[in-house]
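Below: one structure, written as structure tokens.
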Amino acid sequence: MLDQRLLRDNPEQIVSQLARRGLTVDLTGLQLIAQQERDLEQRRSELQAEGNRTGKQVGQLIRGGAAADGPEVAALREQGNRIKQQVAVLEEEEKSLEARLREQLLTFPNLPAPEVPEGTSEAENVEVKRWGSPRSEAGLLEHWQIGERLGLWETERSVRIAQSRFITLLGAGARLERALISFMLDQHTSRGYTEVLPPVLVNSASLTGSGQLPKFAEESFRCSGDDLWLTPTAEVPLTSLHRDEVLAAEQLPLRYCAYTPCFRREAGSYGRDTRGLIRLHQFNKVELYWFTRPEESAAAHEQLTRHAEAILETLDLPYRRIELCTGDLGFSAARTFDLEVWLPGAGTYREISSCSVCGDFQARRASIRFKDADTKGTQLVHTLNGSGLAVGRTMAALLENGQQPDGSVQLPAALVPYFGGERIG
RNA sequence: GGAGAGGUGGCCGAGUGGUCGAAGGCGCAGCACUGGAAAUGCUGUAUAGGGGCAACUCUAUCGAGGGUUCGAAUCCCUCCCUCUCCGCCA
């Protein structure tokens, strides 16, 4: 959520920064509401002060011996009643203005960080680096072909259980998924992350805190009888792990990693990536999440991204790092690096991780602050998140990169203790 | 799901409807005492928003939201959460 003070003091900055995202916004209406709200607050609080004084006078008179039903007291009572009525009117107006203001502010995306490259679409994203030696022989299979051939999962029967875009892993496929989850979590916890296994049903406040609501309701599955949704990413429960908290400065940075299944409706992606593990309504992901001091978030972003890259490197999977341009940034992100893994069968790089720094955008929505012991007041924390990694896509990459001429798949050495073998098929 | 108990500041814990943002204690910080420390004493110790250059000041907040009242931590209603017992269940 955008800062109301920024709206008041420097609205041009909001307009110009959102313009970098390709958004044209007119803030005059919002500014007017904010101004009216402040005026109302002032009038209301003055009136309340008067009411408080009146109330006190009544108390003093009665304690001083005045008759509780005498004329003096009666006059003050009447005055108190009058003030109360006026306050009620102002309060109602103020509340509705406040609600309108918040409602609108919640629909604005984050401002891009200054260093984010300009651009209008993913075509203008910037490649930062490449790692590894991509295979490119002719005749390599795509991961869904390998999976089908080796019987790693069941697609048509999954439609019977649920619907399309769901998958049932079987045998070595299921085992590999489990091995990957354990492997990733062990890697991250060995670097100091605290492992979290959060609820995967989350309430509306949690989705609002991390930025999925109110704008992207159609992207999530919703439970009909309760205020609960299936989480689209562990970023949601992890943000709300500390929602409405004031953290002690010495706790920071807080670093969490969480495995969760993720649920996405993928509205509007009919016909794309219909085969295999790339785009499913339910997929597994290990997520990295940091809460930091504002001045530390930029360095943290690089570290978090490195931790995601370390998984790819340990699995010997070639990848490249892409910096998203302003036009391709996600709603809550101020700056994002995508990691794309090489899929030699498909002959393309595919996104396997997205590492973002959100500044105080989520912290303001979710009210997550910290306090230095020796200073007054609190500050908003900065939050960061990144996949470390998307598990299904990692499996796809392992299958394509490890495929052998005999149809089997060679697994990287790091995975052997987890999988209990070095080869599938 | 049924029955009961309870939710007060960082923590514990008081609070008869009227100077209660809230006693007292613990903790924490500063000062004093000390060679240094402990102990002791004194002082200070919430958050959010508004106004003010500032000192400061106004408002709100005792789980949340309504209500009664001139005035609510205190009375009433609804909801949420926690605990105990019963039922059900992995």
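Every chain is numbered from 1 and lettered A, B, ... according to where its sequence line falls, protein lines coming before strand lines. These numbers were taken from a predicted model, which means no experiment stands behind them.
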If I pick the [atom1] atom on [M] and the same atom on [N], what distance separates them, to the nearest angstrom?
N     : M     : atom1 : answer
B:U16 : B:C88 : C1'   : 45 Å
B:G15 : B:G71 : P     : 26 Å
B:G9  : B:G4  : P     : 27 Å
B:G41 : B:G25 : P     : 10 Å
B:C11 : B:A64 : C1'   : 23 Å
B:G49 : B:C31 : C1'   : 34 Å
B:C58 : B:A3  : P     : 48 Å
B:G10 : B:G67 : C1'   : 33 Å

side-chain hydrogen bond (donor to acceptor under 3.5 Å, both in side chains) partner of A:Asp328, the single match among A:Thr336, A:Thr120, A:Asn125: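 So the option named by the test is A:Asn125.
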Partner nucleotide of [N] by Watson-Crick or wobble geometry (both distances under 3.5 Å):
N     : result
B:C88 : none
B:A5  : B:U82
B:A48 : B:U59
B:U16 : none
B:A54 : none
B:G30 : B:C42
B:G71 : none
B:C11 : B:G25

Main-chain N/O of A:Leu6 paired with A:Asn10 side-chain donor or acceptor, under 3.5 Å: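 Flag not set: sc A:Asn10 to bb A:Leu6 has no pair under 3.5 Å.
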A:Arg265 side chain to A:Glu218 backbone, donor-acceptor under 3.5 Å: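 Confirmed, A:Arg265 side chain pairs with A:Glu218 backbone.
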May I have the distance from [X] (atom [atom1]) to [N] (atom [atom2]), rounded to whole angstrom?
X        : N     : atom1 : atom2 : result
A:Arg38  : B:G52 : CZ    : P     : 10 Å
A:Asp244 : B:G63 : CG    : C1'   : 13 Å
A:Gln79  : B:G71 : CD    : C1'   : 13 Å
A:Gln85  : B:C70 : CD    : P     : 10 Å
A:Arg44  : B:G50 : CZ    : P     : 12 Å
A:Lys84  : B:U59 : NZ    : P     : 18 Å
A:Asp372 : B:A46 : CG    : P     : 16 Å
A:Glu41  : B:G52 : CD    : C1'   : 15 Å

Any side-chain N or O of [X] under 4.0 Å from OP1/OP2 of [N]?
X        : N     : result
A:Ser45  : B:A60 : no
A:Arg5   : B:G49 : yes
A:Lys371 : B:A46 : no

Nearest-nucleotide comparison on RNA chain B, the residue closer to the 5′ end among A:Lys95 and A:Arg8: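 Result of the comparison: A:Arg8.
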Position toward the 5' end of RNA chain B (nearest nucleotide), A:Gln379 or A:Asn52: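 Result: A:Gln379.
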Choosing from [options], which nucleotide comes nearest the side chain of [X]?
X        : options             : result
A:Ile62  : B:G18, B:C70, B:U59 : B:G18
A:Thr378 : B:U59, B:A48, B:U69 : B:A48
A:Arg369 : B:U69, B:G50, B:U47 : B:U47

Parallel, tilted or perpendicular: ring planes of A:His281 versus A:Phe166, cut at 30 and 60 degrees: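 Plane angle between 30° and 60°, so tilted.
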Heavy atoms only, 4.0 Å cut-off, all strands: where does [X] land among base, sugar-phosphate and nothing?
X        : answer
A:Gly59  : base
A:Gly377 : sugar-phosphate
A:Gln48  : sugar-phosphate

Do [Y] and [X] have ring centroids that are under 6.0 Å from one another?
X        : Y        : value
A:Phe419 : A:Phe183 : no
A:His242 : A:Phe291 : yes
A:Phe216 : A:Phe331 : yes

Donor on one side chain, acceptor on other, A:Gln35 and A:Asp39, under 3.5 Å: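 Yes.
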